[in-house]
Amino acid sequence: MASPTTEDHPPHIGIDGINEETQQISEKDIVLEKGGEKDMAPLPGSSSIHRSSSRPQLDVSGAAIQGNFEEKDPTILLPNQSDDISHLALDIGGSLIKLVYFSRHADRQVDDRRKRKVKERLGVSNGSRRSYPILGGRLHFVKFETSKLNECLDFIYSKQLHRGGMDSRCWPSDAPQSENAVIKATGGGAYKFADLFKERLGVSIEKEDEMNCLVAGANFLLKAIRHEAFTHMEGHKEFVQIDQNELFPYLLVNIGSGVSMIKVDGDGEFQRVSGTNVGGGTYWGLGRLLTKCKSFDELLELSQRGDNSTIDMLVGDIYGGMDYSKIGLSASTIASSFGKAISENKELEDYKPEDISLSLLRMISYNIGQIAYLNALRFGLKRIFFGGFFIRGHAYTMDTISFAVQFWSKGDAQAMFLRHEGFLGALGAFMSYEKHGLDDLMVHQLVERFPMGAPYIGGNVHGPPLGDLNEKISWMEKFVRKGTEITAPVPMAPPATTGLGGFEVPSSKGVLRPDASKLNVGVLHLVPSLEVFPLLADPRTYEPNTIDLSDHGELEYWFTVLSEHLSDLVDKAVASEGGTDDAKRRGDAFARAFSAHLARLMEEPAAYGKLGLANLLELREECLREFHFFDAYRTIKQRENEASLAVLPDLLLELDSMTEDMRLLTLIEGVLAANIFDWGSRACVDLYHKGTIIEIYRMSRKKMQRPWRVDDFDAFKERMLGSGERKPQPHKRALLFVDNSGADIVLGMLPLARELLRRGTEVVLVANSLPALNDVTAMELPDIVAEAAKHCDILRGAAEAGGLLVDAMSNIQDGYKEDTPSVPLMVVENGCGSPCIDLRQVSSELAAAAKDADLVILEGMGRSLHTNYNAKFKCDALKLAMVKNQRLAQKLVKGNIYDCVCRYEPAS
Ligand SMILES: CC(C)(COP(=O)(O)O)[C@@H](O)C(=O)NCCC(=O)O
Ligand SMILES: [Mn+2]
């Protein structure tokens, strides 16, 4: 093997991100000044991560939750904490600077009685929280070209990241700066630019060993991020579920300017087993000389149009166009990179730059893939993860590396790539801050978001300062004008392979935008209070999405649906904010941002992780919130609630006059019929022009004849009412995942809840934490229940018992109240703000409520069809929805729009 190993220690060996020049500088800067002592930076391969003690640390003594303990992002008061914590870390490589920084969530101090009552009644515990608190907050990933270091320093300064507090709302920027402010950094530039940081920002760089950081970063990502690792073969990206218990050992191949290969055996347990000096720097350096390209990305983009057979010597060139099939080589396999150049009487100018670029890319990628595999073989490692910014999410590079690994291992080993490929070192440096509390965060406590702005910062497209809405909007306005390519979906060509050997031409074509890799990572929201829903039969195999958008036809269809909804949604959103000029401007920016996301995902569906329909619907809501539209359907919801509450007394009278059997059927019919009030469905919205709310409700009720398309009503009835003389035990506690406002909740789910209460079952209404379309929220529900309770003793008694009526009932005449003890009716928030629900990440109050529940009712298309249709529960489950989309009806239930689903599954 041509590449040197660690034992050789040749002077030219490439360490990721450090070129020869920076290494020389590092040699003299490697001695750290620390109180006059000389402290050597740890050598690569040392076995544990260096925990700084000179760094100010979070002082968690006396820590307490401020305000309400069950806040989604609880604020934790650290009374003994001085404000000089700087959770910013850097990886300053030869070509790129990577920043990871933490910002605390804005405080959301709502004095919410409902939550306190729920906590009291359900005994909500700390859940999986550890003994010391972690701050709810966000991890941001940003990068700059090293040549634009000044921009990076400006960015740090503008956000005051060096001053201690990450978030000017928490730690005012005019707070006195700590004398000894320190920032953790790794990479050669941590040595090279230390003085500049001191001069420009007044901060000292505390150097962290590069290998330690890479490993710590990779371990964190592989354990904490669900869709982090993926395979990439012949243009097809597939996320790999990593079982934490089977993660180690693995080979980490970090491709920076040079390449490091590290055998990782555990947290802080690793050894740099090999490396090669032929890496990203080689591609860029040679490529620049040979093609005159001005940037790495330009060179990479050039390769997309290249044909390496004009310059590489292929097997076919040697064998007269034939395969050498006896040893498994096709005619198109590269026999010798650049080999044709020796036999042709040509000069450099005679070769196309694009062919040269492709030839170089293939040469280097194959070489790295092959060396990586040989090292995996040497140590018996099955998993190889490739990271580093050489890869840049570039499909062809990944395909080439994968091909090499597959080819040489004969399919035994697999190359895997990481979404945060370039941030391993910076993340590791971040992890080296002591007691930030992130080391053992779990997958369900992290939610990744893709705001407009953050991913674009640095490089040639500049994003707005995060959090500044106004600048974000003007940036969106400029951005769409500038980056037109992002709004134009690129069709995906099927890969062209040649059977035995390599690819003829890059199989993963498409436009490589210069900012491509910036779009692949979002902001990690750390929400310590999220938990896995305890009633899932098997959380490991649970997949929330029913519709897998990796099917291109599906993807195209839903993208069209969402694009067509957009102008209507913008109108509603703008109207909800009074139709002001500011609202219109924000509406415009939202539409641009969401369209840009759609275009990006159309081009690369797995760019943000595994993509299902639920993710798209959630992205839309997130995007609205990003442009400060917090409840676009507020007025519509209010109007529909009022209209439905007005007819509720008549409905209850009608129900009470029925037999038990008849009543149960009418109640389920009522839920299905009222689910027609869905402002997310194009067909339903068209219907609303044709009549009043009550007229549409009646029409829908009339069409409810059984059998429904999926009809397990008889089984459900038998469980509820028994058969013959046998009267079954009522359920102890039912969780009702409610959906829309208006008729859906008032005339559908509340009467069903009332029936369960009447039968002695405790009822927990589970509603959204944040608004999404016309879904009812947990904040809104107590008032609706209180209004309904004015007409119903059962609801009133239960709501009182559940602590829902403290305020709302004070205006009811005393004479009306009864003292009969009642099973409680409660309301809990589900932890999300989407029309769908991922039960791997729910609020801790819902998780607590689930502990004693033996019946789950999921209602609506989002929660029971788009997600959870195939979910299995430990307890009885009923899924109720009207299918309000023709294509979904055909695909899921082989039926038609407005068909209904009543799916009952006893405890598994
Ligand atoms: C967004 C929704 C899931 C909401 O449905 P719900 O959960 O309220 O029943 C649904 O309206 C939907 O899938 N709409 C997009 C498809 C369409 O317009 O046909
Ligand atoms: Mn809904």
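Both backbone and side-chain heavy atoms feed into the values below; hydrogens, waters and symmetry mates do not. All ligand and atom numbering here is 1-based and tracks the order in the structure.
Regarding atom 13 (O) of ligand 1, its nearest protein heavy-atom neighbour is His866 NE2, 2.6 Å. Closest protein heavy atom to atom 5 (O) of ligand 1: Asp678 OD2, 2.9 Å. Protein heavy atom closest to atom 6 (P) of ligand 1, with residue, atom name and distance, is Asp739 OD2, 3.0 Å. From the protein, the heavy atom lying nearest to atom 15 (C) of ligand 1 is Gly680 O, 3.3 Å. Nearest non-hydrogen protein atom to atom 1 (C) of ligand 1 is Leu773 CD1, 3.5 Å. For atom 17 (C) of ligand 1, the closest non-hydrogen atom on the protein side is Asn885 ND2, 3.6 Å.
By the 4.5 Å heavy-atom criterion applied to side chains, Lys637 and Val776 are not counted as neighbours.
Aromatic ring pairs are classed by plane angle as parallel below 30°, tilted from 30° to 60° and perpendicular above 60°; the pair Tyr688 and Phe677 is parallel.
Considering backbone and side-chain atoms alike, Tyr557 places every N or O at 3.5 Å or more from each N or O of ligand 1. Taking any N or O of Gly862, backbone or side chain, at least one lies under 3.5 Å from an N or O belonging to ligand 1. Ligand 1 has no N or O atom lying under 3.5 Å from any N or O atom of Arg620, backbone or side chain. Below 3.5 Å of separation, one finds an N or O of Met861 facing an N or O of ligand 1.
Closest approach between the Mn ion (ligand 2) and any N/O/S atom of Asp739 involves OD1. No other N/O/S atom of Asp775 lies as close to the Mn ion (ligand 2) as OD1 does.
Tested against Cys832 for a side chain to side chain contact (heavy atoms under 4.5 Å, CB included), the candidates Asn768, Leu846, Leu770 yield a single pass: Asn768. Checked options Leu892, Asp899, Asn896; the residue passing with Arg709 is Asp899 (criterion: side chain to side chain contact (heavy atoms under 4.5 Å, CB included)).
Atoms of ligand 1 found under 4.0 Å from any heavy atom of Asn740 (numbered from 1 in listed order, with element): 8 (O). Remark: ligand 1 atoms within the under-4.0 Å shell around heavy atoms of Ser681 are 11 (O), 17 (C), 18 (O). Interface atoms of ligand 1 facing Gly860, defined by a heavy-atom separation under 4.0 Å, are 7 (O), 9 (O).
Ion pairing between a basic and an acidic side chain is recognised when a charged N comes within 4.0 Å of a carboxylate O; Lys690 and Glu695 show no such pairing. No salt bridge links Asp631 with Lys572; every basic N to acidic carboxylate O contact stays at or beyond 4.0 Å.
The residue Asn774 has no part lying near ligand 1, judged by heavy-atom distances below 4.0 Å. Counting heavy atoms closer than 4.0 Å to ligand 1, residue Trp558 contributes side-chain atoms (C-beta onward) but none from N, CA, C or O.
Ser834 and Glu618 form no side-chain donor-acceptor contact under 3.5 Å, judged by distance and modelled atom types alone.
If you look at Phe627 and Phe590, their ring centroids are not closer than 6.0 Å. The distance between the ring centers of Phe873 and Tyr542 does not fall below 6.0 angstrom. If you look at Tyr608 and His597, their ring centroids are closer than 6.0 Å.
Within the structure, the closest approach of Trp679 to ligand 1 does not fall below 4.0 Å when heavy atoms are considered. Heavy atoms of His565 come nearer than 4.0 angstrom to ligand 1 in at least one pair.
Comparing heavy-atom distances from atom 9 (O) of ligand 1 across Met882, Arg863, Lys884, Glu621 singles out Lys884 as nearest.
The minimum heavy-atom distance linking Val828 with Arg114 is given by the pair CA-NH1, 3.5 Å. The nearest pair of heavy atoms linking Glu905 to Ala871 is OE1-O, 4.0 Å.
A donor-acceptor pair is defined here as one N or O able to donate and one able to accept, closer than 3.5 Å; no such pair exists between the side chain of Asp854 and the backbone of His731.
Checking Asn740 against the Mn ion (ligand 2), an N/O/S atom falls under the 2.8 Å cut-off.
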